[in-house]
Amino acid sequence: MIARPHGSIRVPLRAACRTLFPERYPPPQPSAKFSLKPLVWVAMAVGLIRPAAAVEWQKDIAVLFYDEPGRVRAVEPVYGLKGDFGDDRWLNLKIALDSLTGASPNGIPPAARPQTISSASGSTQAAAHELPVDTNFKDTRIAFNAHWQQPVNENTIAGVGITFSTEYDYRSTGLNLTIDRAFNKNNTTLSLGVATSYDTIFPHAGIPRPLTYGGGTFSQPSPTDPNERKVVSDLLLSLSQVISANILWAITYGVTRANGYLTDPYKLVGVFYSTGQPEGGANACIGQPLPSSFLQGKAAGDPVVYCYEKRPSDRLQQSIYTGWKQYFTGDVWDIAYRYTHNDWGMDTHMIDTRYAWRLSRNWFVRPHLRYYQQSAAHFYRIGLAYGDPIPHDASGDNRLAKMTAVTTGLEIGQREASGRQWHIALEIYRQNWPHPPGAIGVQNNIDLIPDLQSLMLRFGMTLVDKH
Amino acid sequence: MKRAQHIIVITAILLLQACVNVQPWERAVLAKKEMSPQGDSIINGLDDHIYFSKEGSSGGRSFGGGGCGCN
Amino acid sequence: MADYRIERTAYGYRGTFHAMASTCEVLMHSDDDQCAERATHKVANEAWRIERKLSRYRADSDISHINNAQGEVVQVDDELANLLDFCDQGYKMSGGLFDITSGVLRRVWRFDGSDRVPQAQEVQTLLPLIGWHKIVWDKPSIEVPIGMQIDLGGIGKEYAVDCAARLITQEGAQGTLINFGGDIYAAGDAPAGGWHVGIEMDDAIVNSMRLPQGGLATSGDARRFLLKDGVRYSHILNPKNGWPVRNAPRSVTVAADTCLEAGFIASLALLHGKNARSFLRAQKVQFWIA
């Protein structure tokens, strides 16, 4: 908006004067500048907002590139729009696209001999000592969030939001409500939030029958159902506190309850030959005796058959999240710790810290370090032992195994006084798994869960549109 | 567990109310965007989504996300 | 200082007081002396309030507070935040010609009618301290680098006129003309034919006009200039090079919907030097050049 030598500044000048003296400048003719106008009209129509003289929009654009060498690759662009309607009334809109391609582990560990695994996703071959993966892993997800908040009285702000996402085989619809109340000259804020989402999953081959051998060949068992559902509800209670003119502290207690189909319909669990088991007895995954040809030449720890995993239909997670944010003449340091406990037997600890170091008036660099560790879910199995009774639940998904993960990253960015900014970050995410308990025979000579290192590149920019 | 948290929270409020008295005009720094308690929601959203699909727990800071078939 | 006078005139009442280094007047087209008293009281208090807030000469003003923060961040209230937003937008739309950081040039330029023109070197050393883009304006926080300062003198009087006009309009006052040293707003019903406003320069009326309603502002260098070797240096300084604008009209008067808008256009017109007239034409406002 740089003026030509004798260009007219009439429009921007009158707009600027209108902000100070709206009564002297009757509103201009509506222009079709924002394609989101209809949405705003809807919000006005239902009485959520009054027509605003000038809405200030902040636009955020970000793209994340995620790469696991030789495995999954993802690109996720996000577009966010934040409208300031004045008087603490805000509209937040966000749309994200998530495009995944590549290969994903299917829950079966590497074995001492080559493996051929047939499942609903097709047939997978893995050489000896190689991790079997689903090679045709491909999905695109679109997610949309909208959130409106406004004061309900002098010290209280209420918000309502909706979430929606859809992908090839999954759909989720959610609603959330928040209420924030300020105390103590606005030095203390207590917030209460509730959210619930209703998700549907519909794998193209239907919902598989878990922990069952399909009979005849090792192909997938017949589907039991075309789709399944789950309901996830959250409750958050949070306290945020101004400690000094430079320090902010917040603590949040959360409960999340997930109920319904929590199993991953594409993940398998293997049955491994184990000596000393009653041959031909009632076997895990199988339900009836196998022909002896299945077991010929097998050593303890060699795969016998594969079946679909099964998880409990209910999960209750509690969490404590606490964050500290401190300003040091231009620099900002923040550190956060999170503890979660769930009734699947997992305890997790996460610690995350960033230091935004101001290099000059506009430039900053921000190193980032994150450490995460979790214990295993009680039904996590590296594999089932041939001949053991069929468990109620079992999963070989390594996301449920005992694990530690470290993220190291560096971000660099530029921030202008107008609020416009951009930043780019490169992060390395390393996951390490210890040798799992329950490994049988030859499995003890194999790296059953290979460590994984992924790379993330994230670019973001913020634009502010002032009228 | 739940009960203990409540006690912690209530005690914290009492303690803080007693000792903190930052006046509104002393909040210039706290009003800066980079000091916003929620942080950058776009970045957080991207990070949370990655960790949600790679780890066995999620959420804590804000609603646990989910709404994704990736975990 | 906190004093005002009211006198009866042919058309109603006239209240006078002193604020912002100017004689200020409130002309009321009304026969109600209590109403006139109340209006003058309100206008004067508003003028003094804004002066206390914006004056760079007062150590306790918000502006001095910001200028004396030694590079630290200062948070400003809503009113000042909106004004700074205006200045931010003004800087951008003028391509940097309207710049509230240019006040440091007064250290070397004193327009007292003398011939003391500064050395080029003196002006040059000040230029790094000028430029609104060097200020970190992160509404509502402002951070002025050490050595720099901001000065709302360029719009403060005009802003005060509009604020005072707003107050008395809310009161439902009769036709009133507010005049703070040449920055004017006419509110309510004017006397038949509008207010008669004359623009004075060197003790002569150079222009006269009828103003029914709205803002009117004049920018010029009537008595503020330097004269050296036959060259007249106007007090309108170009913030980009630190030197007076050459060949600018001596005075520009603009009428607009607010005094602020009129004043902004008038002073920006002077900064356009010999192109002032074409700039004014492009703004599609009523204007007078002397």
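Every chain is numbered from 1, with letters handed out A, B, ... down the list of sequences. All values below were derived from every heavy atom in this structure, side-chain atoms included, with hydrogens, water molecules and symmetry-related copies excluded.
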Side chain / backbone / both / neither for [X] at chain B, heavy atoms under 4.5 Å:
{"X": "A:T163", "answer": "neither"}
{"X": "A:Q421", "answer": "neither"}
{"X": "A:D169", "answer": "neither"}
{"X": "A:K82", "answer": "neither"}
{"X": "A:E76", "answer": "both"}
{"X": "A:M456", "answer": "side chain"}
{"X": "A:Y429", "answer": "side chain"}
{"X": "A:R171", "answer": "neither"}
{"X": "A:L100", "answer": "neither"}
{"X": "A:A250", "answer": "neither"}
{"X": "A:Q373", "answer": "neither"}
{"X": "A:N342", "answer": "side chain"}

Practice task
Start with the C-alpha distance between B:S53 and A:R399, add both sets of side-chain angles, then the distance that settles side chain to side chain donor-acceptor pair (under 3.5 Å), and finish with yes or no.
Solution key: CA-CA 8 Å; B:S53 69; A:R399 293 174 296 186; 5.7 Å; no
Winner by heavy-atom pair count (cut-off under 4.5 Å) against chain B, out of [options]:
{"options": "A:L248, A:I61, A:L400", "result": "A:L248"}
{"options": "A:V78, A:T322, A:L262, A:T189", "result": "A:V78"}
{"options": "A:T462, A:D264, A:T348", "result": "A:T348"}
{"options": "A:V194, A:D139, A:T166", "result": "A:V194"}

Exercise for the section: Considering only NZ, NE, NH1 and NH2 on the basic side and carboxylate oxygens on the acidic side, decide whether B:D47 and A:R458 come within less than 4.0 Å. Expected result: yes
Exercise for the section: Answer yes when A:K402 and B:E55 have at least one side-chain N-carboxylate O distance shorter than 4.0 Å, and no when they do not. Expected result: no
Exercise for the section: Could you go through the side-chain contact (heavy atoms from CB on, under 4.5 Å) check for B:K54 and A:M403 one step at a time? Expected result: CA-CA 11 Å; B:K54 306 297 291 177; A:M403 178 226 296; over 6 Å; no
Fill in the blank from the handout: Tested for salt bridge (charged side-chain N to carboxylate O under 4.0 Å, His left out) against B:E34, the lone hit among A:R366, A:R415, A:R358 is A:R415
Exercise for the section: Tell me whether the centres of the aromatic rings in A:Y372 and B:Y51 are closer together than 6.0 Å. Expected result: no
Exercise for the section: Heavy atoms only: give me the nearest A:K94-B:I42 pair and the separation to one decimal. Expected result: CD-CD1, 3.7 Å
Completion exercise
Tightest non-hydrogen contact, residues B:G60 and A:S319, listed as CA-OG, 3.6 Å
Exercise for the section: List for me each residue that meets side-chain hydrogen bond (donor to acceptor under 3.5 Å, both in side chains) alongside A:E167, sequence neighbours excluded, and say none if there are none. Expected result: none
Handout entry: Within-4.5 Å side-chain heavy-atom neighbours: B:L46 and A:V63
Key = no
Exercise for the section: Flag the pair B:S57 / A:R338 as yes when at least one side-chain heavy-atom distance between them is below 4.5 Å, and no otherwise. Expected result: yes
Exercise for the section: Mind running side-chain contact (heavy atoms from CB on, under 4.5 Å) on B:F63 and A:T178 for me, showing each step along the way? Expected result: CA-CA 11 Å; B:F63 296 127; A:T178 52; 4.0 Å; yes
Exercise for the section: Take B:M35 and A:N246 through the test side-chain contact (heavy atoms from CB on, under 4.5 Å) and record every step on the way to the result. Expected result: CA-CA 9 Å; B:M35 282 300 279; A:N246 294 319; 5.8 Å; no
Handout entry: Interatomic spacing from OG in B:S41 to CG in A:D60 - rounded to 0.5 Å
Key = 6.5 Å
Completion exercise
In this structure, OH of A:Y66 is separated from CD1 of B:I50 (nearest 0.5 Å) by 5.5 Å
Handout entry: Modelled atom types, side-chain donor and acceptor of B:R61 and A:S238, under 3.5 Å
Key = no
